[in-house]
Amino acid sequence: MKNILCLNKIASVGTDKLDKNEYNVGTEMSAPVGIMVRSASMHDMELGEELLAISRAGAGVNNIPIDRCSSSGIVVFNTPGANANGVKELAICALLLASRDISGGISWASSLAGTDDVAKAVEAGKSKFAGVEIKGKTLGVIGLGAIGGLIANAAIELGMDVVGYDPFLSVEAAWNMDRRVKKVSSFEQVFSDADYITLHVPSTPDTKGMINKNSMENMKNGVRIINLARADLVNASDIKEALSSGKVSKYVTDFPTEETVGVPGIITIPHLGASTEESEDNCAVMAACQLDEYLRWGNIKNSVNFPTASMPFTAHSRICVLHANKPAMISRITSAVSHSGANIENMINASKGDNAYTMIDVTGDICAELVHTLAEHGDIYRVRIID
């Protein structure tokens, strides 16, 4: 039996996908081979030698020590697209919140409790909360992946013009996008054209603080900015200055911080993007299935630190090697397998950045010496045998 540790509450519809004859799943598991996690921070957590994989029920992996996992041969999965519809719906809500002072109006209306003739007071005071319509305006979408693409398509149907930029746009995402979405070749084109800008990119050294004083100078006066991706994509000091000057009309974020709560012009939503029953279920199911597929068969899909690699199990045993993406690694691995006397029936190799993965299906016995020979090489992180 393999122990799976859950660091957060994971929807049972997901954990039920893990065969009870194969796995023990719980919150108090020792020596786990797999971990399922949502928001719990793992940076100070000891990662045991038995740990093979971590599956994040969500898209962001900032709470997981990716580099440490990679060097230890621990595969980290996430669940891109599983919560996409939930975030899309919140983004449409954010567009409306940025356009009309709905939240301010609701608060004001609530304050009228106990007032004589509330209807008359409402008619007298509602002009303070007037706004604009989104129809006919231009929405700029930064990041056209699973979430950004859905938002772009929905905005088109709501009568908006949409421009988008994504240097890593996949073929699948492009096929699923409405042909009326105008794809441009730079952030600057989105900034200059858009009345509204919505961000759907991960937090990386290249994207942190991408919305700042300099980038906002290229935007239209009165632009409305939506950030349901990560707090640090937007420089808080610069956005507050832009709101004070009128350069930015509204900033809606799903990531309240000490710098943004209670600031006029900033609407802070308490991280509700994926907080729907459906999103949590979808993420849990995807996280569990990806973890199971890797632990059982060695196949990898949606890993953030190792490449996608999958093939049918066609022989007696499978050798799984997680290693550095360096020259001559494949020949070194296959030569060691051949010298051990095992016969290679099928294999696959793929790389992702500095890391690579080789799976080899073999017939014949796999001796302990082969595993030792491979594992002692400094550029090989981990060797697994599945049979």
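Every heavy atom of this structure was used, including side-chain atoms; hydrogens, water molecules and symmetry mates were not.
M160 contributes atom CE, which lies 5.0 Å from atom CG of L139 (distance to the nearest 0.5 angstrom). Within the model, atoms CE of M286 and CG of L291 stand 13.5 Å from one another, a figure rounded to the nearest 0.5 Å. To the nearest 0.5 angstrom, L18 atom CG is 8.0 Å from C289 atom SG. Rounded to the nearest 0.5 Å, atoms OH (Y251) and CD1 (I211) are 8.5 Å apart. The CG atom of N235 lies 10.5 Å from the NZ atom of K213; values are rounded to the nearest 0.5 Å. The OG1 atom of T253 sits 10.5 Å away from atom CD1 of I226, with the distance rounded to the nearest 0.5 Å.
Evaluation of the side-chain hydrogen bond (donor to acceptor under 3.5 Å, both in side chains) rule for S338 yields no partner, not counting sequence neighbours. For N305, the side-chain hydrogen bond (donor to acceptor under 3.5 Å, both in side chains) partners are S70, S303, not counting sequence neighbours. Under the side chain to side chain contact (heavy atoms under 4.5 Å, CB included) criterion, A315 pairs with E345, D361, T363, not counting sequence neighbours. For K128, there are no salt bridge (Lys or Arg N to Asp or Glu O under 4.0 Å) partners at least two apart in sequence or on another chain. Considering only residues two or more places apart in sequence or on other chains, K250 meets the side chain to side chain contact (heavy atoms under 4.5 Å, CB included) condition with A98, R224, I267. F191 pairs by the ring pair (Phe, Tyr, Trp, His ring centres under 6.0 Å) definition with nothing, not counting sequence neighbours. With sequence neighbours left out, the side chain to side chain contact (heavy atoms under 4.5 Å, CB included) criterion links D161 to T138.
Of the charged side-chain nitrogens involved, none lies within less than 4.0 Å of a carboxylate oxygen, so that D232 and R230 do not count as a salt-bridged pair. A salt bridge links R296 with D19: at least one charged nitrogen is closer than 4.0 Å to a carboxylate oxygen.
The minimum heavy-atom distance between A154 and I92, with the atom names listed, is CB-CD1, 3.9 Å. Summarising the geometry of M177 relative to L169, their closest heavy-atom pair is CE-CD1, 4.0 Å, with the distance given to 0.1 Å. In this structure, P65 and L47 approach most closely via the heavy-atom pair CG-CD1, 4.3 Å.
L97 and V132 fall within the same hydrophobic cluster, where Ile, Leu, Val, Met, Phe, Trp and Tyr residues are linked whenever their side-chain heavy atoms come under 4.5 Å apart, directly or through other members. Taking hydrophobic clusters as Ile, Leu, Val, Met, Phe, Trp and Tyr residues chained together by side-chain heavy-atom distances below 4.5 Å, Y381 does not share a cluster with V371. Grouping the Ile, Leu, Val, Met, Phe, Trp and Tyr side chains by contacts below 4.5 angstrom, directly or via other members, places I385 with I344. Residues L322 and V76 do not share a hydrophobic cluster, defined by chaining ILVMFWY side chains whose heavy atoms lie under 4.5 Å apart.
The closest side-chain heavy-atom distance from V234 to M210 is not below 4.5 Å. Using a 4.5 Å heavy-atom threshold, the side chains of K220 and S192 count as separate. Using a 4.5 Å heavy-atom threshold, the side chains of I225 and V252 count as separate. Looking only at side-chain heavy atoms (C-beta outward), R384 and I319 stay at 4.5 Å or farther from each other. Between Q189 and V163 the shortest side-chain heavy-atom distance does not fall below 4.5 Å. Looking at V162 and K182, their side chains never come closer than 4.5 Å, going by heavy atoms from C-beta outward. At a threshold of 4.5 Å between non-hydrogen side-chain atoms, the residues K183 and Y165 do not count as touching. At least one side-chain heavy atom of M216 sits under 4.5 Å from a side-chain heavy atom of D238.
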- Message: Run the ring pair (Phe, Tyr, Trp, His ring centres under 6.0 Å) test on F306 and Y357 for me, step by step, so that the C-alpha distance in whole Å, both residues' side-chain angles and the decisive distance to 0.1 Å come before the verdict.
- Response: CA-CA 7 Å; F306 284 96; Y357 184 47; 7.1 Å; no

- Item | side-chain hydrogen bond (donor to acceptor under 3.5 Å, both in side chains) between T207 and T204, intermediate numbers included | CA-CA 5 Å; T207 61; T204 69; 3.3 Å; yes

- Message: Run the side-chain hydrogen bond (donor to acceptor under 3.5 Å, both in side chains) test on E188 and N218 for me, step by step, so that the C-alpha distance in whole Å, both residues' side-chain angles and the decisive distance to 0.1 Å come before the verdict.
- Response: CA-CA 7 Å; E188 289 72 23; N218 296 320; 5.4 Å; no

- Give the intermediate values and the outcome of side-chain hydrogen bond (donor to acceptor under 3.5 Å, both in side chains) for residues N349 and T358. CA-CA 4 Å; N349 170 269; T358 301; 2.7 Å; yes

- Might you work through the salt bridge (charged side-chain N to carboxylate O under 4.0 Å, His left out) test for R180 and E157, ending with a clear yes or no? CA-CA 10 Å; R180 292 169 289 179; E157 295 303 319; 2.9 Å; yes

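Judged as a side-chain hydrogen bond (donor to acceptor under 3.5 Å, both in side chains), the pairs with a partner in residues 262-277 (not counting sequence neighbours) are, in order, T276-S279. For residues 76-86, the side-chain hydrogen bond (donor to acceptor under 3.5 Å, both in side chains) pairs, not counting sequence neighbours, are N85-K88, N85-E89.
Counting only distance, with no hydrogens or angles, the side chain of H339 and the backbone of S335 share a donor-acceptor pair below 3.5 Å.
Sparse packing is recorded around NE2 of H316, with 12 or fewer heavy atoms of other residues, nucleotides or ligands lying under 6.0 Å away. Taking a 6.0 Å sphere around CD of E172, one finds it holds 12 or fewer heavy atoms contributed by other residues, nucleotides or ligands. Shown here is D117, whose CG atom has more than 12 heavy atoms of other residues, nucleotides or ligands within 6.0 Å. Atom NE2 of H372 sits in a sparse spot, with 12 or fewer heavy atoms from other residues, nucleotides or ligands closer than 6.0 Å. When the shell of 6.0 Å around CG of N343 is examined, it contains more than 12 heavy atoms from other residues, nucleotides or ligands. Remark: N176 CG is packed, more than 12 non-hydrogen atoms of other residues, nucleotides or ligands lying under 6.0 Å away. Within 6.0 Å of atom CD in E217, more than 12 heavy atoms from other residues, nucleotides or ligands are found, so the atom counts as buried in its surroundings. Atom CD of E369 has 12 or fewer neighbouring heavy atoms from other residues, nucleotides or ligands inside a 6.0 Å radius.
Residues Q290 and N302 have side chains that bring a donor and an acceptor to within less than 3.5 angstrom of each other.
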Donor-acceptor pairs are to be reported for all side-chain atoms of residues 20-33 against protein atoms at under 3.5 Å, with residues two or more places apart or in another chain.
from: E22; atom 1: OE1; to: K2; atom 2: NZ; distance (Å): 3.1
from: Y23; atom 1: OH; to: D292; atom 2: OD1; distance (Å): 2.6
from: N24; atom 1: ND2; to: N3; atom 2: OD1; distance (Å): 3.2

Return a table of donor-acceptor pairs under 3.5 angstrom between the side chains of residues 4-12 and protein atoms on other chains or two or more places apart.
from: N8; atom 1: OD1; to: R38; atom 2: N; distance (Å): 2.8
from: N8; atom 1: OD1; to: S39; atom 2: N; distance (Å): 3.1
from: N8; atom 1: OD1; to: A40; atom 2: N; distance (Å): 3.1

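Under the side chain to side chain contact (heavy atoms under 4.5 Å, CB included) rule, V304 has a single partner from V75, I66, I54, which is I66.
Think of F168 as one node in a network of Ile, Leu, Val, Met, Phe, Trp and Tyr side chains linked at under 4.5 Å; it has no links at all.
Taking the ring centre of F77 as origin, the terminal cationic atom of R56 falls outside the region bounded by 6.0 Å and 45° from the ring axis.
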